[in-house]
Amino acid sequence: VNAVHMFTGFEDLNSDRFLSGADDEYAEMSIVFGIKGISRDEFVRWKPGDNRGAAIFDEDFDITTSAAHKALKAICKRMREAPCDITACVGGFGKLVKPDSLYCLIEEFDDWFTDNWNTTVKGEYDGDKDRPTGDEFLDELKEFAKARGGDYETQSSFGFFDDELKYVEVPFTATMLGFQPYSVTLSYYDAVHEALNEIYEDLGKERTKLGSEPFVYAGRHFTWVVTEKSLVDGVLTGFAICFPVAFVVLVVATGSPTVSAFAILTIALIVSTTLGFCQAIMGWALGVAESISSTIVIGFSVDYVVHLGHAYRESAEMSREGKTSDALTQMGITVVAGAVTTLGSGLFMWACQMTFFTKMAVLICAVITLSIAYALLLFMPLCAVFGPEGEMKSFMGYVQHYQGLLKSRIHHGRTSSQEASTAAGPYANPVAPPAGAEAVPRATLP
């Protein structure tokens, strides 16, 4: 099938005409030494493309010493062996770093330097003893970079600024697949930094010249986590706001807290079943597309329940069974027709090729199907068995009713007080005697 959308066409062209394998699915990362952070003093959030920031280099970083060389080699060795037992690590490797993928600058430098080593004169090369240090190491490192000019890993593994070596990277391929949901990526982020910090602490004083604290850079794999987490938090916050608001709306619409409670229970089951279907059956975690799409789920879930609850309240029947029958007779056909038309609109998106729209199609079809099923097969039976009976007023009807009762009681209280005062006559409120005077006996009524 030929792609219609240009982005889908690009992806198909990239996968069909260029050879790639499963290894390309794993996330590429780097351990960075010598950079403490980024200064964003001149960054303006309203112009994100300008003044992205400037690197803050670590003044303690100095890779030219023998101690720094040993520490870097030790970190490379232990990171290759760092175990991983979380679900984010896939492929059956059981490690944080994919085997044979970590590039260690010092090890590669030693291999190159050995080829230029005169064993006849100097004997066997011992990196820890014979490797140059200080300015000599920097000169040899530049020659090493020239010799490996076509090697991208070598060129990107260190950087000179103003003729000073400012940072070093240790690139590797993670055992985590790229573009995973934020919860998966975040678990790997915590695991890899925990392992790196543990190794760094064990090195003791040897790590001093590598800077204060290294970090793992993974491009948008880690930076996108913040956005994804905000989207997921927004979904949960939306649920926390929508359910109470929906309950208030239902009380106003139906005039019955009981019917409203049944409706909220039904809506909660619709939402949880829909999201559970997406995760358990479709295999989707709560990612970006799901977070955006989930905000519409409650809206679809409320629709049919509100209509049936309102019809139940408007029924002139006195019994639960009669009210339920009226609601289904008068409103049942309407909500079923609405469900069919909305379901039909969602079916058209199944033909889309972009993942977001196909996920929207699944969500709409699932939530509409579950909404009409729960409304007819759960909400209505609850009303038929436990719903309120007798005359049901609207919310404003109840307000007016209680206002009338309150006014009647106030009026009744005033009338009773006036009648009692008239019956008591002039002796109802005798004047109290002044201080020190004898009290005058109260006259008795005839």
Side-chain angles (χ1 to χ4, degrees), residues 28-37 54-82 97-173 192 195-217:
E28 298 293 336
M29 302 185 182
S30 295
I31 305 172
V32 181
F33 302 88
I35 299 179
K36 296 179 66 175
I56 302 175
F57 296 109
D58 195 333
E59 297 179 356
D60 296 331
F61 175 76
D62 183 8
I63 196 65
T64 64
T65 64
S66 178
H69 298 166
K70 292 180 180 179
L72 187 58
K73 288 186 66 175
I75 291 174
C76 293
K77 180 180 179 181
R78 290 189 58 179
M79 283 299 297
R80 290 191 183 103
E81 301 170 351
V97 177
K98 195 170 179 290
D100 302 323
S101 70
L102 188 144
Y103 179 93
C104 189
L105 175 63
I106 293 300
E107 294 175 352
E108 297 296 326
F109 177 85
D110 283 344
D111 292 341
W112 170 81
F113 200 70
T114 301
D115 295 338
N116 300 325
W117 185 260
N118 190 340
T119 56
T120 304
V121 178
K122 300 181 179 180
E124 292 295 327
Y125 174 76
D126 184 350
D128 292 336
K129 295 181 179 179
D130 300 327
R131 187 185 307 111
T133 58
D135 292 339
E136 184 182 354
F137 173 76
L138 296 180
D139 294 337
E140 294 293 345
L141 188 63
K142 293 176 182 178
E143 294 298 323
F144 167 68
K146 292 179 182 178
R148 298 281 186 92
D151 187 355
Y152 172 77
E153 288 183 324
T154 301
Q155 297 297 327
S156 61
S157 62
F158 57 91
F160 281 90
F161 289 87
D162 297 331
D163 206 34
E164 294 184 13
L165 185 61
K166 290 295 188 179
Y167 73 91
V168 167
E169 292 187 11
V170 178
F172 65 92
T173 302
V192 72
L196 179 60
N197 291 336
E198 181 180 349
I199 296 171
Y200 210 60
E201 291 295 328
D202 291 344
L203 290 176
K205 293 183 178 180
E206 290 185 358
R207 70 174 190 268
T208 304
K209 293 301 182 180
L210 289 180
S212 57
E213 185 176 354
F215 62 91
V216 178
Y217 173 74

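Just so you know, these numbers use all the heavy atoms, side chains as well, and skip hydrogens, waters and symmetry mates.
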Next item on the list: First locate atom CZ of Phe144, then atom CG of Asp110, and finally report the distance between them rounded to the nearest 0.5 Å.
Entry: 9.5 Å

Next item on the list: Flag yes if more than 12 heavy atoms outside Lys142 fall under 6.0 Å of its NZ atom; otherwise flag no.
Entry: yes

Item checked: Interatomic spacing from CZ in Arg131 to NE2 in His69 - rounded to 0.5 Å -> 6.0 Å

Notebook entry, point to check: Do you see a donor-acceptor pair shorter than 3.5 Å between the side chains of Ser157 and Glu169?
Noted result: no

Notebook entry, point to check: What pairs with Phe57 under ring pair (Phe, Tyr, Trp, His ring centres under 6.0 Å), at least two apart in sequence or on another chain?
Noted result: Phe161

Check: Sub-3.5 Å donor-acceptor pair from the side chain of Arg78 to the main-chain atoms of Ile75, do we have one?
Finding: no

Margin query: Is it the case that the side chain of Asp162 and the backbone of Glu164 share a donor-acceptor pair, with hydrogens and angles ignored and the cut-off at 3.5 Å?
Written below: no

Note to self: Is the ring pair Phe109/Trp112 parallel, tilted or perpendicular, if the boundaries are 30 and 60 degrees?
What the structure shows: tilted

Next item on the list: Give, for atom CD1 of Ile31 and atom OH of Tyr200, the distance between the pair rounded to the nearest 0.5 Å.
Entry: 11.0 Å

Check: Mind checking what makes salt bridge (Lys or Arg N to Asp or Glu O under 4.0 Å) contact with Glu140, not counting sequence neighbours?
Finding: none

Checklist line | For Val170 against Cys76, the heavy-atom pair lying closest together | finding: CG1-SG, 4.1 Å

Notebook entry, point to check: Is a donor on one side and an acceptor on the other found under 3.5 Å between the side chain of Asp58 and the backbone of Ser212?
Noted result: yes

Next item on the list: Grab the two heavy atoms, one from Met79 and one from Val97, that are nearest each other, plus how far apart they are.
Entry: O-CG2, 3.4 Å

Check: Are Tyr103 and Ser30 close enough that a side-chain donor and a side-chain acceptor fall under 3.5 Å?
Finding: no

Notebook entry, point to check: Could you walk me through whether Tyr167 and Ile63 pass the side-chain contact (heavy atoms from CB on, under 4.5 Å) check?
Noted result: CA-CA 8 Å; Tyr167 73 91; Ile63 196 65; over 6 Å; no

Item checked: Crowding at OH, Tyr217 (>12 non-hydrogen neighbours, <6.0 Å) -> no

Item checked: Step-by-step side-chain contact (heavy atoms from CB on, under 4.5 Å) determination, Ile106 to Lys70 -> CA-CA 9 Å; Ile106 293 300; Lys70 292 180 180 179; over 6 Å; no

Next item on the list: Taking salt bridge (Lys or Arg N to Asp or Glu O under 4.0 Å) as the test, write out the residues that go with Glu136, two or more places apart.
Entry: none

Check: For the residue pair Pro214 and Leu196, what are the closest heavy atoms and their distance?
Finding: CG-CD2, 3.9 Å

Next item on the list: Test side-chain contact (heavy atoms from CB on, under 4.5 Å) on Val32 and Val216 and set out the steps.
Entry: CA-CA 6 Å; Val32 181; Val216 178; over 6 Å; no

Check: Just how far is it from atom CG of Leu165 to atom CG of Leu141, taken to the nearest 0.5 Å?
Finding: 6.0 Å

Note to self: Could you work out, with salt bridge (Lys or Arg N to Asp or Glu O under 4.0 Å) as the rule, every residue matching Asp139, not counting sequence neighbours?
What the structure shows: none

Notebook entry, point to check: Going through the distances and angles, do Thr133 and Thr65 end up as a side-chain contact (heavy atoms from CB on, under 4.5 Å)?
Noted result: CA-CA 6 Å; Thr133 58; Thr65 64; 5.9 Å; no

Checklist line | Straight-line distance of Ile35 CD1 to Glu213 CD, nearest 0.5 Å | finding: 13.5 Å

Note to self: Checking the side chain of Glu108 only, and the main-chain atoms of Thr154 only, is there a donor and an acceptor separated by less than 3.5 Å?
What the structure shows: no

Notebook entry, point to check: Side chains of Asp130 and Phe113: does their closest heavy-atom pair fall under 4.5 Å?
Noted result: no

Item checked: Partner residues of Arg80 under the salt bridge (Lys or Arg N to Asp or Glu O under 4.0 Å) criterion, sequence neighbours left out -> Glu107

Item checked: Residue list, side-chain contact (heavy atoms from CB on, under 4.5 Å) with Ala71, at least two apart or on another chain -> Leu203, Glu206, Leu210

Check: Rounded to the nearest 0.5 Å, how far does NZ of Lys166 lie from CD of Glu59?
Finding: 8.0 Å

